[in-house]
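Working notes, structure below.
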Amino acid sequence: MTSLPIDRARARAAFDAYVAPYDAHNPRVALKVEHTLRVAELADRIARESGFTPAGADVCWLAGLLHDIGRFEQLRRWDTFRDGDSADHAAIGIDVLFEGAAHLDDPAVVNVVPVPRADDAAFCEHARKTGALRAFIGEAASNSELGSLVRAAVGYHSAFRLPGDLDARTRAVCDVIRDADKIDILRVTCTDNVETVLCVTEDELLASAISPAAEDAFFAHRCVERSERSTPADYLVGLACFAYELVYPASLEIALDQGFLFEPFEHPFGIVRPFTDRATAHLMNRMDGHLRAWVDERLY
């Protein structure tokens, strides 16, 4: 896929240097560091199990390492994962990696203008020095085809759909990163705290309804668009829908092996109490059975 070697130790050290100044006491920062490292390893595994060359697996590992780099500035400025309440985190990632962090205040990227902070200038300078792609792989590699592949994978990793005009190589890498991201989001939201991820209480989640749009998406076997999610329960339905759009067979097998595929219905965020909204409880049980049957048809 590319003849330029990737020094994984260098890239990992550069990642550690980039995230070092961000608030490690913020549970959302720690969550994203851990998520990033797992996505990189998942991307490597999916690529290898799907027949990629070692060089191609290296590209996928690197793209996984960098896919969420925009989250750290998002968290520092807005302390949220919600792009609509802050900025497009994928666009921030492209800005940091490829454009010298020059557009962090651009209306095309920012949806909600953040309150200015005294350390804004220092963090912008930090992003320019340590966040550029060349810091991870060197100047020559960053200006090669490898740079283009990473740019696409980072820029499109959270898009609802990939553009239709991507070449086969770029699409293959993007699909690996999107699969790896989906698999690990299932883990994060089933092992982390509901307040950390959704900014709602356990009681609020259990009392929430499932919107008709989210229900329709689930039974149509497609992911739920952000605009279709209006309740906390919708978020869980959206997670379950990830299974439908995993591209590589290896990805579905990995997701099943990890044991998190059905957790949105069974024990979301480790919650053992049942949904207090009776309609939600009934529909969640129905969706659970439907998804299990769908997975069985594809793997057994």
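Starting from 1, each residue takes its place in the sequence as its number.
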Are the side chains of [Y] and [X] in contact, using a 4.5 Å heavy-atom criterion?
{"X": "Ile46", "Y": "Ile183", "result": "yes"}
{"X": "Leu206", "Y": "Asp277", "result": "no"}
{"X": "Val197", "Y": "Leu31", "result": "yes"}
{"X": "Arg222", "Y": "Phe160", "result": "yes"}
{"X": "Leu283", "Y": "Phe218", "result": "no"}
{"X": "Asp120", "Y": "Arg76", "result": "yes"}
{"X": "Lys182", "Y": "Leu42", "result": "no"}
{"X": "Leu291", "Y": "Tyr244", "result": "yes"}

By side chain to side chain contact (heavy atoms under 4.5 Å, CB included) - contacts of Thr191 (at least two apart):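 Expected list: Arg187, Phe260.
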
Quick check: closest heavy atoms across [X] and [Y], and the distance to 0.1 Å?
{"X": "Ala43", "Y": "Ile177", "value": "CB-CD1, 3.8 Å"}
{"X": "Val194", "Y": "Leu205", "value": "CG2-CD2, 4.1 Å"}
{"X": "Cys60", "Y": "Phe52", "value": "SG-CE2, 3.8 Å"}
{"X": "Ala255", "Y": "Leu246", "value": "CB-CD1, 4.2 Å"}
{"X": "Met284", "Y": "Ala233", "value": "CE-O, 4.1 Å"}
{"X": "Tyr156", "Y": "Cys174", "value": "CD1-SG, 4.3 Å"}

Derivation and outcome, side-chain contact (heavy atoms from CB on, under 4.5 Å), residues Leu133 and Leu66: CA-CA 9 Å; Leu133 183 61; Leu66 300 176; 3.5 Å; yes

Are [X] and [Y] close enough for a salt bridge, meaning some N to O gap below 4.0 Å?
{"X": "Arg292", "Y": "Glu266", "result": "yes"}
{"X": "Arg38", "Y": "Glu41", "result": "no"}
{"X": "Arg171", "Y": "Asp175", "result": "no"}
{"X": "Arg161", "Y": "Glu225", "result": "no"}
{"X": "Asp179", "Y": "Arg45", "result": "no"}
{"X": "Arg117", "Y": "Asp119", "result": "yes"}
{"X": "Asp83", "Y": "Arg71", "result": "yes"}

[X] side chain vs [Y] backbone, donor-acceptor pair below 3.5 Å:
{"X": "Glu245", "Y": "Cys223", "answer": "yes"}
{"X": "Glu253", "Y": "Leu299", "answer": "no"}
{"X": "Asp95", "Y": "Ala102", "answer": "yes"}
{"X": "Ser251", "Y": "Val247", "answer": "no"}
{"X": "Arg28", "Y": "Thr196", "answer": "yes"}
{"X": "Thr231", "Y": "Ser208", "answer": "no"}
{"X": "Asp234", "Y": "Ser211", "answer": "yes"}
{"X": "His157", "Y": "Val154", "answer": "yes"}
{"X": "Arg82", "Y": "Leu198", "answer": "yes"}
{"X": "Trp78", "Y": "Val112", "answer": "yes"}

Rounded to the nearest 0.5 Å, what separation is found between the [atom1] atom of [X] and the [atom2] atom of [Y]?
{"X": "Met287", "Y": "Phe262", "atom1": "CE", "atom2": "CZ", "result": "14.0 Å"}
{"X": "Phe136", "Y": "Leu146", "atom1": "CZ", "atom2": "CG", "result": "12.5 Å"}
{"X": "Asn285", "Y": "His290", "atom1": "CG", "atom2": "NE2", "result": "14.5 Å"}
{"X": "His282", "Y": "Ile210", "atom1": "NE2", "atom2": "CD1", "result": "10.5 Å"}
{"X": "Arg169", "Y": "Asp167", "atom1": "CZ", "atom2": "CG", "result": "7.5 Å"}
{"X": "Ile69", "Y": "Phe15", "atom1": "CD1", "atom2": "CZ", "result": "7.0 Å"}

Test applied, side chain to side chain donor-acceptor pair (under 3.5 Å); reference residue, Ser86; option that passes from Gln74, Arg77, Glu73: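 In the set Gln74, Arg77, Glu73, the residue that makes a side chain to side chain donor-acceptor pair (under 3.5 Å) with Ser86 is Gln74.
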
Transitively linked via ILVMFWY side-chain contacts under 4.5 Å: [X] with [Y]?
{"X": "Ile185", "Y": "Leu162", "value": "no"}
{"X": "Tyr300", "Y": "Trp294", "value": "yes"}
{"X": "Val173", "Y": "Leu166", "value": "no"}
{"X": "Leu37", "Y": "Val96", "value": "yes"}

With sequence neighbours excluded, residues passing ring pair (Phe, Tyr, Trp, His ring centres under 6.0 Å) with Phe72: Tyr22

CA sep, side-chain torsions, deciding dist, call: Leu261, Leu252, side-chain contact (heavy atoms from CB on, under 4.5 Å): CA-CA 9 Å; Leu261 200 57; Leu252 185 57; 4.2 Å; yes

Geometric cation-pi criterion, Arg286 with Phe219: 6.0 Å, 45°: yes

Glu49 and Tyr248: CA distance, side-chain angles, deciding distance, side-chain contact (heavy atoms from CB on, under 4.5 Å) verdict: CA-CA 9 Å; Glu49 292 185 10; Tyr248 293 94; over 6 Å; no

Parallel, tilted or perpendicular: ring planes of Tyr235 versus Phe269, cut at 30 and 60 degrees: parallel

Residue pair Gln258, Asp184: steps toward the side chain to side chain donor-acceptor pair (under 3.5 Å) verdict: CA-CA 10 Å; Gln258 287 196 344; Asp184 199 65; 5.8 Å; no

Within 6.0 Å of CZ in Arg273, more than 12 heavy atoms from elsewhere: yes

Chi angles and distances behind the side-chain contact (heavy atoms from CB on, under 4.5 Å) call for Ile94, Glu99: CA-CA 7 Å; Ile94 293 298; Glu99 298 171 9; 3.8 Å; yes

Side chains of Thr36 and Asp68, donor plus acceptor under 3.5 Å: no

Linked hydrophobic residues, Val39 as query - side chain contacts closer than 4.5 Å: none

